[in-house]
Number of protein chains: 2
Amino acid sequence: MKEKELVHSIHYYFMAVLRLRQNLKQRVQRKLIDLGYEDITLEMTQVLYYLHFDAEGEANQQEIADNIGKNKSSLTSLIDNLSKREMIKRNINPKNRRNNIITLTKKGKKFMEEFLPVVYKTYNTSKLSMTLKDINNLTQTLNSFIEI
Amino acid sequence: MKEKELVHSIHYYFMAVLRLRQNLKQRVQRKLIDLGYEDITLEMTQVLYYLHFDAEGEANQQEIADNIGKNKSSLTSLIDNLSKREMIKRNINPKNRRNNIITLTKKGKKFMEEFLPVVYKTYNTSKLSMTLKDINNLTQTLNSFIEI
DNA sequence: TATAAACAGTTTGTATTCAAACTGTTTTAG
DNA sequence: CTAAAACAGTTTGAATACAAACTGTTTATA
């Protein structure tokens with residue numbers, strides 16, 4: 001009997017994770033539309049954030065993929081789509097022709113500057129009386145479930 | 001300065017949610033492959049679970065969509081794919097020809113019986129010394145972020 | 001009782017995801 | 001120095017997701 005309960009609890013946990021992700025995506029999408037970036041997706045912002053903050057504006061696709069947790073064929077399409085939108089540039093690395101060097105364009109940098117202040121308004125943290133620490137704790141809890 | 005930290009914390013929270021979902025999907029997918037159901041997806045199990053436990057074996061597409069949190073066009077493809085795999089049957093409701101009545105097939109029921117005991121082994125809860133209560137609490141926390 | 005509105009599902013078009021197979025480049029080893 | 005292995009990306013094919021436009025059916029309303 002305990003086991004059956006557990007099964008259902010775990011199932012509901014699964015559903016919560018799937019829903020949370022969908023909900024998050026929709027919230028961010030709405031903010032992006034408000035900003036006039038209706039053709040930019042949450043996933044694209046992952047790439048742009050990485051380039052802007054973690055890679056000092058330049059990285060190859062494999063590196064981006066590893067860091068944002070996607071596989072390399074997903075990256076190919078993401079980079080294709082970001083290229084079309086002129087947010088990044090894709091150049092072959094002349095020193096190692098296997099690599100593409102991805103760089104943020106001016107438009108990409110401008111986007112990040114406009115997007116960032118809006119991100120943290122996705123949830124009204126002050127109304128929720130959530131602190132930085134609360135958020136970091138939750139993130140840590142979520143990450144701990146990944147690493148198990 | 002506090003605000004900038006918040007922006008990044010929220011960004012990392014986003015990333016954690018996306019990763020957790022990917023990780024979960026992969027874990028379940030592996031279990032499904034072990035069971036010999038390599039062509040069944042996590043999303044399909046959402047539909048099958050709903051039909052089996054919450055709908056007493058029968059529901060229309062809109063009802064399923066509302067309950068598992070997907071939009072109706074997503075449901076159309078899910079039902080198409082579950083039909084191909086003979087896990088469910090789609091029949092027009094003669095009493096209201098706008099509705100499709102979705103029913104679990106024998107194969108679908110058998111699947112659920114085999115799948116369920118395996119779900120809760122996705123995470124080794126005993127090793128993690130996690131109780132039913134811990135899981136339910138986490139689920140509640142996640143859901144609270146959806147409702148905000 | 002027509003006509004409009006509401007409802008359930010499908011189709012279309014675009015984006016994402018990923019494994020597997022593939023191309024081309026670079027490195028390693030014999 | 002050449003063949004094999006490793007590496008970075010792309011392509012392909014199948015699944016999911018969702019908005020918007022569409023078809024048919026039922027219900028409401030004027």
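Order of the sequence lines sets the chain letters (A, B, ...), proteins ahead of strands, with each chain counted from 1. Remember, it's a predicted structure, so these values are computed and weren't measured experimentally.
By the 4.5 Å heavy-atom criterion applied to side chains, N100(A) and I92(A) are counted as neighbours.
Closest heavy-atom contact between I40(B) and L32(B): O-CD1, 3.2 Å.
Map P94(A) and Q61(B) each onto its nearest nucleotide of DNA chain C; the residue landing nearer the 5' end is Q61(B).
Phosphate contact (OP1/OP2 of dT10(C), side-chain N/O of N100(B), threshold under 4.0 Å): present. Here R90(B) reaches the OP1 or OP2 of dT10(C): one of its side-chain N or O atoms lies under 4.0 Å away. Phosphate contact (OP1/OP2 of dT25(D), side-chain N/O of R97(B), threshold under 4.0 Å): present.
Contacts classified as ring pair (Phe, Tyr, Trp, His ring centres under 6.0 Å) and involving residues 55-111 of chain B (residues at least two apart or in different chains) are given here: Y37(B)-F111(B), F111(B)-F115(B). Evaluation of the ring pair (Phe, Tyr, Trp, His ring centres under 6.0 Å) test over residues 51-101 of chain A, restricted to residues two or more places apart or in two chains, returns Y49(A)-F53(A), F53(A)-H8(B). Annotation: ring pair (Phe, Tyr, Trp, His ring centres under 6.0 Å) contacts involving residues 56-106 of chain A, sequence neighbours excluded, are absent.
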Practice task
Using a 4.0 Å heavy-atom cut-off, write out nucleotides 15-23 of chain D from 5' to 3' as B (base contacted by protein), S (sugar-phosphate only) or - (no contact).
Solution key: SSSBBB---
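The distance between atom CD1 of I92(B) and atom P of dG9(C), rounded to the nearest whole Å, is 10 Å. Separating the CD atom of Q62(A) from the C1' atom of dC18(C) is a distance of 14 Å, rounded to the nearest angstrom. Between N99(B) atom CG and dA8(C) atom P the separation is 6 Å, expressed in whole Å. Counting to the nearest Å, the P atom of dC7(D) and the CD atom of E63(A) are 16 Å from each other. Between the CG atom of D80(A) and the P atom of dT12(D) there is a distance of 12 Å, given to the nearest Å. Put simply, CG on L24(A) is 15 Å from P on dT16(C), counting in whole angstrom units. At whole-Å resolution of the value, CG in N96(B) and P in dT26(D) are 6 Å apart. Rounded to whole Å, the distance from CD1 on I101(A) to P on dA8(D) is 13 Å.
Residue R98(B) has its side chain nearest to dC7(C) when only dT11(C), dT26(C), dC7(C) are considered.
For the side-chain contact (heavy atoms from CB on, under 4.5 Å) test, residues two or more places apart in sequence or in another chain that qualify with R19(B) are I146(A). With sequence neighbours left out, R90(A) forms a side-chain hydrogen bond (donor to acceptor under 3.5 Å, both in side chains) with Q61(A), D80(A).
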